[in-house]
Amino acid sequence: MREYQNWINGQPVAPTTENYIERISPADGTILAKFPRSGYEDVNNAVAVAQKLHVSGQWSNLAASERAKVLNKFAELIEVNSEMLAKIEAEEVGKPIIYARGEILWAAELVKFAASLAWQIPGEAHTHLGENKFGLVTREARGVVGLIVPWNFPLVCLFQKLPYALAAGCPVVIKPSEFTSGTALEVVKLAKEAGLPDGLINIVCGKGSVIGDALTRHPDVKMISFTGSTGVGKTITRVAADDMTRVALELGGKAANIVFADADFDAALDGVLFGVMLNQGEECVAGTRLIIEESIADTFVEQLIDRAKKVVIGHPLDENTQIGPLIHEQHFTKVLEYIEIGKSEGAKLVLDGSKPEGNNLGDGFYVGPTIFTDVKETDRIFQEEIFGPVLTVTTFTTEAQAVALANNVEYGLGNGLWTKDVDKALNVSKKLQSGTVYVNTYLEGAAQLPFGGYKQSGYGRENGVDALLEYMEVKSTFIKLGARTPVLPNTI
Ligand code: NAD
């Protein structure tokens with residue numbers, strides 16, 4: 001069992017509450033780790049340290065090239081330690097180790113990209129404002145930022161925020177999920193080793209309703225960057241409004257994968273299956289709604305079922321596993337309830353993953369790929385985020401119908417589409433109301449491409465240049481040179 005403390009001012013610090021949360025393995029019930037169940041005082045201590053560093057300018061006044069150098073070293077250390085981090089991520093989340101490895105390396109890549117952005121923080125000079133008049137547009141680190149992250153991609157969700165905040169010059173206080181705090185608490189040691197100053201990255205573990213709330217209310221926290229459910233995102237926004245604390249929100253999703261009859265059939269089969277089963281479907285951008293052209297629907301679904309039956313369900317540390325257990329019992333029960341809801345709504349359960357077969361599944365919280373056909377757009381399983389490997393199938397006959405079906409949900413994080421017709425691909429992707437559209441692929445990412453939501457999936461962007469700018473205030477400086485003359489005659 002791994003025993004952790006909070007991380008404040010470059011060292012482990014026991015919580016003032018002297019209380020801890022046990023993380024139980026979702027695969028086999030063993031105790032994996034103990035994380036602090038911290039209190040308000042711990043948040044105050046962490047914010048005070050971060051604020052002191054901000055005021056000192058020790059990090060934000062460092063040449064951006066120097067910040068980049070340390071960040072690159074940090075990325076290297078993450079790569080060197082990737083196997084250790086992947087194992088912890090796999091155990092705590094329940095995600096297959098083969099995917100956990102990719103997640104860690106992706107986090108390292110985001111650090112390198114953010115480091116490259118530090119070199120080119122944009123500013124402007126305006127020299128045509130009138131005689132002897134100049135204008136400067138400059139960007140400054142916002143100040144202390146609270147980063148609140150969920151359990152499904154603990155390190156990637158964190159690293160779509162952390163390196164950009166650091167590149168911008170902001171100290172942070174992190175609130176990891178109470179289920180999966182391990183990798184954040186390991187990686188921060190690497191940050192210290194890389195040369196990031198003490199007090200720049202602080203971590204306070206515990207319950208969201210206590211620690212997340214306290215961070216959001218703290219007057220010295222100038223921004224909260226949150227990834228999690230839409231409900232909690234709204235709560236945070238309301239609390240933050242009292243102090244006009246800036247909020248960036250990465251929230252829930254209900255992505256559609258639209259398959260046209262002219263798609264590469266084989267590639268679409270793989271993409272649709274991967275889109276719904278990656279991370280056991282515990283994925284904000286999971287392609288959980290297959291919207292398929294009627295003429296190919298029966299054959300496609302038949303072959304999809306065949307492939308889905310071959311997906312290997314098992315212990316997250318087993319190299320062959322493609323689907324691990326869901327995060328915890330409560331969530332497991334919720335996903336099973338949705339399977340019952342689907343049946344009661346009249347959808348046809350053509351693949352039932354509620355009692356999966358696999359090696360040594362024991363009492364783990366396993367759910368295998370599950371497919372419903374004949375799903376109506378008013379059905380709850382079509383509209384609500386299930387966060388498990390449950391796919392709904394709905395058919396269309398016209399392009400307009402496909403777009404309307406895809407857009408007819410409250411979320412707008414991602415969507416996918418499959419066609420060989422470039423005109424159709426561009427036309428449809430333009431009409432889809434989501435921050436990301438995948439064309440003839442699914443769940444690929446590139447650090448240069450911003451990630452974020454439309455509608456109830458939130459606002460603000462992670463990755464791309466936009467991510468860096470989220471953490472910076474913009475200042476306009478108007479300069480008048482030469483003899484001082486009144487701005488308005490007779491007023492000064
Ligand atoms: P959650 O909203 O329950 O919790 C997210 C984080 O917020 C956790 O650290 C939690 O402790 C904290 N929290 C809870 N209550 C809080 C409060 N009142 N104030 C401040 N913080 C609080 O989400 P979850 O169950 O951990 O994760 C699953 C959700 O996250 C899904 O809805 C999923 O779609 C979403 N998600 C979105 C993205 C994205 O990029 N858009 C990525 C991953 C997950």
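Remember, it's 1-based here, ligands and their atoms both numbered in the order they're listed. What you see is a predicted model, and the numbers here were worked out from it, not measured in a lab.
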*Asks:* Under 6.0 Å between ring centres: does that hold for Y164 and Y471?
*Replies:* no

*Asks:* Determine whether the side chain, the backbone, both or neither of F387 has a heavy atom under 4.0 Å from any heavy atom of ligand 1.
*Replies:* side chain

*Asks:* Pull out every atom of ligand 1 sitting under 4.0 Å from any heavy atom of L251, numbered as shown with elements.
*Replies:* 34 (O), 37 (C), 38 (C), 39 (C), 41 (N)

*Asks:* Mark yes or no: K254 above the aromatic ring of Y411, with NZ or CZ under 6.0 Å from the six-membered ring centre and no more than 45 degrees from the axis.
*Replies:* no

*Asks:* Any donor-acceptor pair under 3.5 Å linking the side-chain atoms of K455 with those of S434?
*Replies:* no

*Asks:* Step by step, would you call W106 with F451 a ring-ring contact (aromatic ring centres under 6.0 Å, His included)?
*Replies:* CA-CA 14 Å; W106 173 234; F451 181 77; 9.8 Å; no

*Asks:* With atom 23 (O) of ligand 1 as the reference point, say which of S229, G252, S457 has the nearest heavy atom.
*Replies:* S229

*Asks:* Testing the basics here: between L166 and W59, what is the closest heavy-atom pair and its distance to 0.1 Å?
*Replies:* O-NE1, 2.8 Å

*Asks:* Looking at non-hydrogen atoms alone, which of F179, F153, F451 comes nearest to atom 40 (O) of ligand 1?
*Replies:* F451

*Asks:* Heavy-atom contact check, 4.0 Å cutoff: does P176 meet ligand 1?
*Replies:* yes

*Asks:* For ligand 1, note which part of V239 has a heavy atom under 4.0 Å away: side chain, backbone, both or neither.
*Replies:* neither

*Asks:* Look at atom 21 (N) of ligand 1 and find which of G146, G212, P150 reaches it with the closest heavy atom.
*Replies:* G212

*Asks:* Taking only heavy atoms of L413, which atoms of ligand 1 are found under 4.0 Å from at least one of them?
*Replies:* 41 (N)

*Asks:* Kindly write out the residues that satisfy ring-ring contact (aromatic ring centres under 6.0 Å, His included) with F113, not counting sequence neighbours, or none if the list is empty.
*Replies:* none

*Asks:* For atom 9 (O) of ligand 1, which candidate among I148, T227, V149 provides the closest heavy atom?
*Replies:* V149

*Asks:* Can you check which of S181, A214, G208 brings a heavy atom nearest to atom 13 (N) of ligand 1?
*Replies:* G208

*Asks:* Tell me whether atom 32 (O) of ligand 1 lies less than 4.0 Å from at least one protein heavy-atom position.
*Replies:* yes

*Asks:* What are the atoms of ligand 1, with element, lying closer than 4.0 Å to any heavy atom of E178?
*Replies:* 10 (C), 11 (O)

*Asks:* In terms of atom number and element, which parts of ligand 1 are under 4.0 angstrom from non-hydrogen atoms of C157?
*Replies:* 42 (C), 43 (C)

*Asks:* Is the distance from the ring center of F365 to that of H328 below 6.0 Å?
*Replies:* no

*Asks:* Report the part of E385 in contact with ligand 1, treating N, CA, C, O as backbone and CB onward as side chain, heavy atoms under 4.0 Å; options are side chain, backbone, both, neither.
*Replies:* side chain

*Asks:* Identify the closest protein heavy atom to atom 24 (P) of ligand 1: which residue and atom is it, and at what distance?
*Replies:* W151 NE1, 3.4 Å

*Asks:* Check whether NZ of the Lys or CZ of the Arg K95 lies under 6.0 Å from the centre of the six-membered ring of F153 and within 45 degrees of that ring's axis.
*Replies:* yes

*Asks:* Within 45° of the axis and under 6.0 Å from the centre of the six-membered ring of F382, does NZ or CZ of R289 qualify?
*Replies:* yes

*Asks:* Tell me, which pairs form a salt bridge (charged side-chain N to carboxylate O under 4.0 Å, His left out) where one or both residues lie in residues 269-288, sequence neighbours left out?
*Replies:* D270-R307

